[in-house]
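Remarks on the structure that follows.
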Amino acid sequence: MLNRTVAPSRHDIQDIDLVQPDEVVFDNGLRVFIFSAPTQELIKAEFIFQNIFNGSENSLLHTCASHMLKEGTKTRTSAQIAEEIDFYGAYLMPEYSFDQTALTLYSLNKHLGAVLPVVHDILNEAIFPEAELETYIRNNKQTLQISLQKNEYVARRLFFKNLFGESRYGRIPTEEAYDKLNREDLIALYQKQVQPQNCTLILSGNITDDVLKQIRELFDVQWTNTENLDGIMKPEFPVFIPTTVLDERADALQSAIRLGMPAINRVHPDFPAIQFVNTLLGGYFGSRLMRNIREEKGFTYSIGSAFASLQHTGFFTIATEVGVDSTQATLTEIEKELDILRDIQATEQEIALVKNYILGSILGTIESIFSHADKFKAVYFYGLDLSYYTRYNEIIRNMTAADVQRVANTYFDYNNLLKIIVGKVY
Amino acid sequence: MIKYQRFTLDNGLRVLVHEDHTTAMACVNILYDVGARDESPDKTGFAHLFEHLMFGGSVNIPNYDTPLQEVGGENNAFTSNDITNYYITLPSANLETAFWLESDRMLSLAFSEQSLEVQRNVVCEEFKQRYLNQPYGDVWLRLRPLAYKEHPYRWATIGKELRPIEEATMEDVKAFFFEHYLPNNAIMVVAGDVTFDQVKTLAEKWFANIPARSKPERKLPREPKQLAPRREEVYADIPVNSIYIAFHGPGRTDPDYPVMDLLSDILSRGSSSRLYRALVKDQPLFSEVNAYVCGSIDPNLIVIEGKPLPHMDMAEAEKLLWNQLDILKSEMMKETELQKVKNKIESTMVFAELSILDRAMNLAFFEVLGDADLYNQEVAKYLAVTPSDIQRIAREIFTPDNSSTLIYYAKEQKHAE
């Protein structure tokens with residue numbers, strides 16, 4: 001007779017086995033990393049540029065430049081670019097993040113030759129037409145108005161503003177800032193930033209010799225550097241003051257809560273251990289915050305926490321949306337959870353669970369060759385290599401309750417958190 | 001193209017196995033053939049509330065999530081108007097844990113009062129977060145009852161309102177479980193680093209002794225043909241006016257479904273699409289436009305929506321949207337434009353097959369449509385569509401009598417900031 005009360009035996013979870021890319025440096029300084037998967041029908045080509053700031057930390061300009069890359073070149077209109085890319089079933093996506101701007105192409109292998117010249121044109125001859133800029137500004141101002149009605153969005157803005165001030169990480173879009181965008185600044189940024197010596201190209205998929213030859217022809221021989229890379233600024237951050245900011249919304253049904261503080265980033269040796277403690281606290285469905293605030297109290301649909309890494313800093317954040325009646329109670333419970341994390345050692349059972357959960361989810365992040373490239377990207381720009389993941393898994397496997405408590409006492413402190421509340425406090 | 005093998009247990013549970021040994025993971029996807037369309041009109045939102053309760057412990061296992069996390073697994077679920085779908089991904093070495101957990105909650109739940117109490121609150125907060133506390137969040141709470149008068153698609157998955165969720169009793173919960181959660185009303189897909197024989201052995205071990213019960217007969221009212229335009233206008237605390245026009249169209253298995261789907265792609269997929277070019281880029285008329293198909297199993301909706309720029313007259317804006325639909329009706333489109341959206345379908349299908357979970361979900365969904373093999377025939381159906389098909393369906397669908405229009409007007413801004 002089958003005994004359904006007894007769990008099947010557990011088996012150890014293996015480490016991930018990551019693909020080491022081939023590296024080629026072109027004569028123009030472009031670094032190329034190749035992740036080869038001969039059976040893959042799609043090719044992904046990511047042109048990644050370090051965000052360059054000189055003279056100002058106005059990151060809105062970078063966001064705009066990234067969005068507008070595809071909006072016209074000397075020989076192609078915005079409509080023509082869209083038409084050519086769409087016709088071949090390809091995807092060409094500008095992607096902006098705090099530290100890098102990327103132009104990412106996905107194409108079926110058979111159409112790659114047809115779409116690469118469009119990418120080449122965009123990276124060499126983009127002109128940021130005035131009319132397209134006006135459209136960009138107009139539509140983004142309208143979208144901003146809508147976003148500003150979302151408590152969660154407002155909380156996120158206040159959070160970054162308070163954490164990072166006037167630096168690139170703290171700049172938030174406003175109508176006035178959109179109105180100040182202009183072609184001259186965009187073109188100057190493009191000239192400085194979009195050039196081979198500031199670019200990393202990551203190729204994944206069935207990268208044959210023939211594909212590489214096409215890439216070399218277009219992005220080595222026919223792509224030259226325009227300016228030297230001097231005058232690059234490093235961000236300066238305001239002194240962090242853990243205040244409470246309440247933005248009252250009379251009609252709110254829910255309050256958006258966002259707490260956090262600046263923190264270490266991925267290069268710090270404690271980063272993997274911090275990820276462990278954060279997972280236990282608020283990083284997965286079974287986390288303490290979810291169990292307490294959602295599964296026991298029913299205050300929210302979701303609550304989560306994260307330690308994020310940026311090039312020049314990092315930050316810790318806890319975010320949730322709760323019924324207005326539960327706003328104060330939620331804050332109290334979060335404080336309680338952080339105190340418990342510091343004061344009381346976790347059980348062996350919980351430590352074992354979090355270990356396995358993390359190891360399983362790392363294994364699950366590898367789905368295709370593109371996942372291998374993503375893992376590489378996540379460390380490469382910090383000057384780290386793939387051995388980071390070996391170290392990471394080793395630290396996760398060896399975490400003890402005492403380690404958790406030490407990390408909690410070093411990095412997790414409710415009294416040292418910035419507290420943003422958009423909605424109502426009862 | 002997804003390869004799979006299948007078998008059916010004596011209790012009627014259908015099992016599909018897709019082997020892929022390039023991954024170290026396995027996934028177990030169980031689709032129950034029950035959705036919001038199977039609810040009674042006075043208990044809407046129940047299928048979805050029930051999905052939450054499926055995580056509140058089963059008859060022999062007090063906690064669902066913990067044992068799964070202990071073996072490195074993750075899970076989630078979603079409910080639509082048509083189906084309820086549960087899925088687990090975990091390291092393949094621990095596959096049996098998924099069978100243990102899923103079979104026990106198919107057998108019976110713990111029916112804990114505490115879990116019901118808490119999940120009622122969680123779902124109410126979800127209702128507020130997604131539908132009430134968002135600008136335009138209640139679009140579907142308004143658009144569905146406008147477009148559907150008889151068919152249960154007239155309510156959203158979350159439910160018509162909060163009340164029936166707040167009032168749900170344990171009796172309701174048990175009745176729902178025993179009516180719909182049966183092995184013969186479920187489809188299980190196991191994919192990834194697994195073998196057919198292994199899955200067969202595990203399925204026999206864990207699922208074979210769950211008794212079959214009689215499967216509920218689905219007798220949904222047919223939505224009568226709409227005979228006149230419908231319209232609703234709302235003044236809301238939103239910053240920007242917005243237009244939604246919904247048209248009735250073919251269901252998911254109708255031969256004309258791919259035609260309607262491509263029609264929506266021609267209108268709004270990618271930055272070269274017609275609505276985006278004509279109304280956002282070439283002239284400053286709208287800040288955003290979109291067209292999409294709901295993808296429902298029973299006769300569908302295709303929706304055209306847009307947010308006009310502040311200077312636009314609303315009647316004029318609506319006319320501009322119609323104008324684009326009329327062009328599709330009056331002018332035969334070029335082969336090359338159709339080829340473009342077909343090419344996109346081809347690459348999208350490759351994307352959809354990158355993850356084992358997506359493959360498993362697709363197999364389960366097409367099996368509930370009638371046969372998992374339909375998934376592998378899908379691209380061919382899209383490629384066979386001709387410009388005259390597009391024109392025929394545009395003429396059939398895009399008529400005023402078949403339309404339900406919802407307009408949001410921004411109330412005068414009251415806060416002086």
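Each chain gets a letter, A, B and so on, in the order its sequence line appears, and its residues count up from 1. Scope of the values below: all heavy atoms of this structure, side chains included, with no hydrogens, waters or symmetry mates.
- For S103(B), the parts sitting under 4.5 Å from any heavy atom of chain A are the backbone and the side chain alike.
- Taking each heavy atom of S9(A) and N94(B) in turn, the nearest pair found is O-OD1, 4.3 Å.
- Between atom NZ of residue K150(A) and atom CD of residue Q134(B) there is a gap of 5.5 Å, rounded to the nearest 0.5 Å.
- In this structure, the separation between OG on S302(A) and CD on E125(B) is 12.0 Å, given to the nearest 0.5 Å.
- Residue contact with chain A, scored on non-hydrogen atoms closer than 4.5 Å, is absent for L357(B).
- One distance of note links CG of L2(A) with CG of D104(B); it measures 9.5 Å at 0.5 Å rounding.
- Nearest heavy atoms, K297(A) versus N121(B): O-ND2, 4.1 Å.
- The only option from P135(B), S287(B), S242(B) that meets the side-chain contact (heavy atoms from CB on, under 4.5 Å) definition with I146(A) turns out to be P135(B).
- Interface remark: V341(B) contributes no atoms to any contact with chain A (heavy atom separation under 4.5 Å).
- T348(B) and Y91(A) share a donor-acceptor pair across their side chains, judged by distance under 3.5 Å alone.
- Counting non-hydrogen atoms of neighbouring residues, nucleotides and ligands closer than 6.0 angstrom, the CG atom of D12(A) reaches no more than 12 such neighbours.
- Pairing each heavy atom of V350(B) with each of Q40(A), the nearest pair is CG1-OE1, 4.2 Å.
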Chi angles and distances behind the side-chain contact (heavy atoms from CB on, under 4.5 Å) call for K355(A), E70(B):
CA-CA 8 Å; K355(A) 256 178 216 184; E70(B) 277 172 344; over 6 Å; no

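- With a 4.5 Å cut-off on side-chain heavy atoms, I366(A) and M25(B) do not count as touching.
- Top candidate by heavy-atom pairs under 4.5 Å with chain A, chosen from R277(B), E96(B), K128(B), is R277(B).
- Here the CG atom belonging to D358(B) is positioned 7.5 Å from the CD atom belonging to E367(A), to the nearest 0.5 angstrom.
- Under the 4.0 Å criterion applied to side-chain N and carboxylate O atoms, E346(B) and K110(A) are assigned as salt-bridge partners.
- Classification of the F351(B)-Y106(A) ring pair by plane angle, with boundaries at 30° and 60°, yields perpendicular.
- Of the residues considered (I356(B), V122(B), I345(B)), V122(B) shows the highest number of contacts with chain A, using heavy-atom pairs under 4.5 Å.
- The number of heavy-atom neighbours closer than 6.0 Å to NE2 of H67(A), taken from other residues, nucleotides and ligands shown, is 12 or below.
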N133(B) and N151(A): side-chain contact (heavy atoms from CB on, under 4.5 Å), yes or no, with the steps?
CA-CA 8 Å; N133(B) 211 31; N151(A) 293 351; 3.7 Å; yes

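- Interface check for chain B: of the options G364(A), G323(A), S368(A), A79(A), the most heavy-atom pairs under 4.5 Å are formed by A79(A).
- Neither the backbone nor the side chain of E337(B) comes within contact range of chain A, judged by heavy atoms closer than 4.5 Å.
- The shortest heavy-atom contact between L132(B) and L253(A) is CB-CD1, 3.4 Å.
- For L354(B), the parts lying near chain A are the backbone and the side chain together; criterion is any non-hydrogen pair under 4.5 Å.
- Side chain to side chain, N209(B) and R4(A) meet the donor-acceptor criterion of an N or O pair below 3.5 Å.
- The CD atom of Q69(B) lies 7.0 Å from the OH atom of Y357(A); values are rounded to the nearest 0.5 Å.
- Contact annotation for A352(A): neither backbone nor side-chain heavy atoms come within less than 4.5 Å of a heavy atom of chain B.
- With a threshold of 4.5 angstrom between heavy atoms, F370(A) approaches chain B through side-chain atoms but not through N, CA, C or O.
- Among F55(B), Y136(B), Y276(B), the residue making the largest number of heavy-atom pairs under 4.5 Å with chain A is Y136(B).
- Heavy atoms closer than 4.5 Å to chain A are found in both the backbone and the side chain of K307(B).
- Contact of the S361(A) side chain with the E74(B) side chain is registered, since non-hydrogen atoms from C-beta on lie closer than 4.5 Å.
- Listed options G137(B), A93(B), C27(B) were ranked by heavy-atom pairs under 4.5 angstrom with chain A; first place goes to A93(B).
- Using a 4.5 Å cut-off between heavy atoms, Q119(B) touches chain A through its side chain atoms alone.
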I'd like to know whether S271(B) forms a side-chain contact (heavy atoms from CB on, under 4.5 Å) with E71(A), so could you lay out the CA-CA distance, the side-chain angles of the two residues, the decisive distance to 0.1 Å, and finally the verdict.
CA-CA 10 Å; S271(B) 32; E71(A) 299 299 335; over 6 Å; no

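- Contact tally against chain B (heavy-atom pairs below 4.5 Å) for L108(A), V354(A), T135(A): the top residue is L108(A).
- Heavy atoms of other residues, nucleotides or ligands lying less than 6.0 angstrom from CG of D17(A) number 12 at most.
- Between chain A and the residues S347(B), S92(B), G270(B), S272(B), the largest count of heavy-atom pairs under 4.5 Å involves S272(B).
- Of all non-hydrogen atoms in V118(B) and R294(A), the two that sit nearest each other are CG1-O, 3.3 Å.
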Evaluate the criterion salt bridge (charged side-chain N to carboxylate O under 4.0 Å, His left out) for residue pair E321(A) and R130(B); output intermediate values, then yes/no.
CA-CA 11 Å; E321(A) 285 167 88; R130(B) 293 191 168 164; over 6 Å; no

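- The candidate with the highest count of non-hydrogen atom pairs below 4.5 Å against chain A, out of T23(B), L68(B), N343(B), V123(B), is N343(B).
- Across all non-hydrogen atoms, the minimal contact from F286(B) to N139(A) is O-OD1, 3.8 Å.
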Walk me through whether K281(B) and E132(A) qualify under side-chain contact (heavy atoms from CB on, under 4.5 Å).
CA-CA 8 Å; K281(B) 294 296 269 183; E132(A) 300 292 348; 2.7 Å; yes

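- When heavy atoms are compared at a cutoff of 4.5 Å, P310(B) approaches chain A by way of both its backbone and its side chain.
- Looking at P67(B), there are no atoms closer than 4.5 Å to chain A (heavy atoms on both sides), in backbone or side chain.
- Of the atoms belonging to Q114(B), it is side-chain heavy atoms, and not backbone ones, that fall under 4.5 Å from chain A.
- With respect to chain B, the highest number of heavy-atom pairs below 4.5 Å among K141(A), E152(A), E296(A) belongs to E296(A).
- Scanning residues 80-90 of chain A against chain B with a 4.5 Å heavy-atom cutoff picks out A82(A), E83(A), D86(A), F87(A), Y88(A), G89(A), A90(A), ordered by number.
- Going from atom CZ of R291(A) over to atom OG1 of T66(B) covers 7.0 Å, rounded to the nearest 0.5 Å.
- Interface remark: Q14(A) contributes side-chain atoms only to the contact with chain B (heavy atom separation under 4.5 Å).
- Using a 4.5 Å heavy-atom cutoff, the side chains of P284(B) and R138(A) are in contact.
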